[in-house]
Amino acid sequence: MLFYNKKFLILPNAESSHMQFIIKLIKKNGGAIVKWAPDVMKVIDRSSIVLINDSYVDSNNKLKQYDIFKRELRPWLVTDWEKVVDYRLNCVNIKKIHTWLDNGNFKITSNDLIETISVENSGKRVLDSQNELELSSNKRLKQNEMIIDNNDNPIENKSNSGESTNPKRTEIKSVTSDTNDIRDNKFLADALQILSKRCGLKGEKFRARSYQLAADSILKAQFAIKSGHQAQKNMMHIGPSISRKIDILLKEGTLPGLSVKSEKDDNIAYFMGCHNIGIGLAKKWELLKIKTFKEALEKQPTDFQTTWPTLFGISYYEDWSRPIMREECEEHLKTVQDELRLIDKDCKVELQGSYRRGAKTCGDIDLLFYKEGCDDIAQLGKVIEDLAISLYERNYVQCFLLSSSKIANIFDDKINERYKVAGIERKYRKSNETIKKLFLGVKLPNRNTDSLKLDPKMKLKDDDLFLSLNSKAGESVCRRMDFFLSRWSELGACRIQYTGSTDYNRKMKIIAMNKSMKISPHGLFKDDVLLESFDERKIFDILNIKYVEPEQRVNTVTLLPDKIK
DNA sequence: GGGCCAATACTG
DNA sequence: CAGTAT
DNA sequence: GCCC
């Protein structure tokens, strides 16, 4: 067992078939492959070995073609790569595997070590493990954890007599692992996630959700999964079908057709990457053999003639799928705050969404506006409308995705310009007078962005570039910003809603339902009687959920009770 | 077999 | 109402 | 696809 007790990471990715071959060699000789996933830094240590693809190593054992190397890294993992550099982990050419095997001797000399260059001098970055990394875009996949007091579950609700111990807890401990590694669970979860995505593209959203929930509970499992039966017995969201698939995955290492990519799925995914294009339109266009937005405009102009936000969705397709560093979010907040002070000095604004959950990168910027003592949404609506218009005139707001008659007055020109470029007729629709929220595209003035690379899957096709307003290298990137309003009396409920995550909110709502209550941004209700809406903590209290800070309200890997059987 | 989070805004 | 968004 |  040449590689016994050794952990290997493969970079920039381990997806090629040659890499699969090497992985098999390593495993056969007792080594462990660390999956290059968002939580990778929790798994590896200083003795871990980083194997770098030969194509990126030159004859002097230095990294070469660094740009391409970085591009091959999943974009949301670039910061983890920086940590590899910071930690000075041992990096060697992956070819060394063969040398070691040939010599029957595992040894790294200083000559073998690859020189890693420092990536960015962002000295303020903290090496904590509590980071949340998210994909951008509105249809993002998330995999994280949420902590809800486990004294709340339907079973206890039915018989809320004696205090019960949690049988699941002890059971987990008794199933402790043997030879398998808990980290191998990640492999199963990854496979299920691919299936989830695939179902999502087909529009089978509940099936997709099932796979996602199954993947999440596998990720949170405290023991190594050794069989489908074991998983089904001990965990939520794993039924007969997924149980069978787990067995196949454990035995064969893959599932039939798992890695087969379909062009159809790719096309649908391409369209759905655009704001305002959902599964319905995407499928329709795919059915019509449409491959690009250009073709869609030609063949289906009616799908655009009133929905001008779609045109901006195409125009900013790439910019809007780039992750945003949280530091940039803070700059945006400041910009908005400065302008807000001029319009209504009593109105307050704060960041919500993934920023408030402590994410290092965010998909968009969610801002919540409120004013002490003010429950008048119409009044607040006017404030954010004026605010957005001022910011538009100052060239900070680039576009609106919701409108009002007042906004239409100043913004119609830009809409018409887009229609002209798109080459289709616009059909007008009447605008509303009042506003309750706004969706915007915004840009910081002359800011040299951005260390965060665009996911190659999110590139506009060449045929669609004629509509692009995306930033070029070195230019400021357009970001999606949402304005939401809260009545003063409902601030707590609103903060819960807009802080999320979506999955956290879902579970919270299920808990409320199980107590015959309901929760919305307007508050926590029982029989339509308001129980609480102002105080975030009180809402948690009444629901009998332990209050957790936003950082812990990330999704799915939950402390809700597991299946009790 | 029915439901899978709730509420709200906007359009065809 | 169905679809897309938050 | 899973849960009730």
Side-chain angles (χ1 to χ4, degrees), chain A residues 137-140 153-155 158 192 195-196 198-200 202-217 231-232 235-246 271-272 274-284 300-310 312-313 320 352-353 363-368 377 381 400-404 427-440 480-485 490 493-494 496-498 500-514 517-525 555 563-565:
Chain A
S137 100
N138 302 321
K139 306 101 190 184
R140 56 206 141 190
N153 67 63
I155 290 172
K158 275 177 212 147
L192 294 177
L195 294 176
S196 169
R198 197 171 282 176
C199 292
K202 277 197 282 210
E204 300 173 335
K205 68 169 174 169
F206 292 114
R207 192 172 287 175
R209 177 138 181 84
S210 278
Y211 278 122
Q212 184 61 51
L213 289 170
D216 291 338
S217 46
Q232 183 173 2
M235 288 154 52
M236 274 292 266
H237 309 300
I238 302 207
S241 168
I242 291 179
S243 166
R244 276 196 304 278
K245 290 186 166 71
I246 288 176
F271 293 136
M272 290 217 293
C274 173
H275 178 92
N276 230 12
I277 303 301
I279 187 73
L281 271 179
K283 273 167 91 171
K284 185 172 109 186
Q300 300 290 120
T302 50
D303 288 341
F304 300 86
Q305 61 190 8
T306 61
T307 55
W308 49 268
T310 310
F312 289 94
W320 288 351
Q352 301 287 313
D364 60 5
I365 303 159
D366 298 320
L367 294 179
L368 185 62
I377 290 293
F400 296 83
L401 298 169
L402 290 176
S403 194
S404 69
K427 208 161 128 185
Y428 284 84
R429 67 182 186 206
K430 62 173 190 302
S431 342
N432 8 341
E433 293 308 314
T434 61
I435 259 199
K436 294 182 175 161
K437 56 184 172 188
L438 277 176
F439 307 149
L440 311 165
R480 277 284 288 103
M481 178 176 275
D482 297 331
F483 285 2
F484 301 112
L485 301 180
E490 295 172 352
C494 271
I496 289 175
Q497 165 78 194
Y498 293 118
S501 69
T502 310
D503 276 358
Y504 195 87
N505 289 352
R506 282 187 181 191
K507 299 227 162 143
M508 211 173 199
K509 279 168 198 208
I510 290 173
I511 289 168
M513 284 194 303
N514 288 338
M517 297 185 240
K518 63 176 184 181
I519 184 169
S520 79
H522 296 304
L524 179 63
F525 297 83
N555 64 340
K563 187 185 290 192
I564 298 170
K565 276 191 180 170

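Values in this document were obtained by computation on a predicted structure and should not be read as measured data. All chains are named by letter (A, B, ...) in the order of the sequence lines, taking the proteins before the strands, and each is independently numbered beginning at 1.
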**OP:** Return the value, rounded to whole Å, for the distance between atom CD1 of A/Ile277 and atom C1' of C/dT6.
**Re:** 16 Å
**OP:** Specify the separation, in whole Å, of atom CG of A/Leu367 and atom P of C/dT6.
**Re:** 15 Å
Original post:
Over how many whole Å does the gap from A/Tyr498 atom OH to C/dT6 atom P extend?
Top reply: 12 Å
Subject >> With A/Tyr498 via ring-ring contact (aromatic ring centres under 6.0 Å, His included) - residues at least two apart >> reply: A/Phe484
Subject >> Spacing of A/Trp308 atom CH2 relative to C/dA5 atom C1', expressed in whole Å >> reply: 13 Å
**OP:** Indicate, with a heavy-atom threshold strictly under 4.0 Å, whether A/Leu401 touches base, sugar-phosphate, or nothing.
**Re:** nothing
**OP:** In whole angstrom, give me the gap between the P atoms of D/dC2 and B/dA6.
**Re:** 22 Å
Subject >> Contacts of A/Ser403 that satisfy side-chain hydrogen bond (donor to acceptor under 3.5 Å, both in side chains) - sequence neighbours left out >> reply: none
Original post:
Got a donor-acceptor contact below 3.5 angstrom from the A/Asp482 side chain to the A/Asp366 backbone?
Top reply: no
**OP:** Apply the test side-chain contact (heavy atoms from CB on, under 4.5 Å) to residues A/Phe271 and A/Leu281: give CA-CA distance (whole Å), side-chain angles for both, the deciding distance (0.1 Å), then the verdict.
**Re:** CA-CA 8 Å; A/Phe271 293 136; A/Leu281 271 179; over 6 Å; no
Nucleotide N/O to protein N/O under 3.5 Å, stretch nucleotides 6-9 of chain B:
unit_1	atom_1	unit_2	atom_2	d
B/dA7	OP1	A/Lys518	NZ	3.4
B/dA9	OP1	A/Lys436	NZ	2.4

**OP:** Considering only atom C1', compute the distance from B/dG1 to C/dG3 and round it to an integer number of Å.
**Re:** 26 Å
Subject >> Euclidean distance for C1', C/dA5 against B/dC5 (whole angstrom) >> reply: 16 Å
Original post:
Which part of the nucleic acid does A/Pro309 contact within heavy-atom distance under 4.0 Å: base, sugar-phosphate only, or nothing?
Top reply: nothing
Subject >> Minimum-distance nucleotide (side-chain atoms of A/Ile242 versus B/dC5, D/dG1, C/dT6) >> reply: D/dG1
Subject >> Spacing of A/Arg198 atom CZ relative to D/dG1 atom P, expressed in whole Å >> reply: 13 Å
Subject >> Distance in angstrom units between A/Phe439 CZ and C/dA5 P, rounded >> reply: 11 Å
Subject >> Selected nucleotide, minimal atom distance to A/Asn276 side chain, candidates C/dA5, B/dC5, D/dG1 >> reply: C/dA5
**OP:** List for me each residue that meets side-chain hydrogen bond (donor to acceptor under 3.5 Å, both in side chains) alongside A/Lys518, sequence neighbours excluded, and say none if there are none.
**Re:** A/Asp528
Original post:
Roughly, in whole Å, what's the span from CG in A/Asn514 to P in B/dC4?
Top reply: 12 Å
**OP:** With sequence neighbours excluded, tell me which residues meet side-chain hydrogen bond (donor to acceptor under 3.5 Å, both in side chains) with A/Ser241.
**Re:** A/Lys245
Subject >> Nearest to side-chain heavy atoms of A/His275, which nucleotide of C/dT6, C/dT4, B/dC5 >> reply: C/dT6
Original post:
Considering residues at least two apart in sequence or located in another chain, which fulfil the ring-ring contact (aromatic ring centres under 6.0 Å, His included) criterion with A/Tyr211?
Top reply: none
Original post:
What is the distance, rounded to the nearest whole Å, between atom CG of A/Asp366 and atom P of C/dT6?
Top reply: 9 Å
Original post:
Do any side-chain nitrogens or oxygens of A/Arg244 fall under 4.0 Å of OP1 or OP2 in D/dG1?
Top reply: no
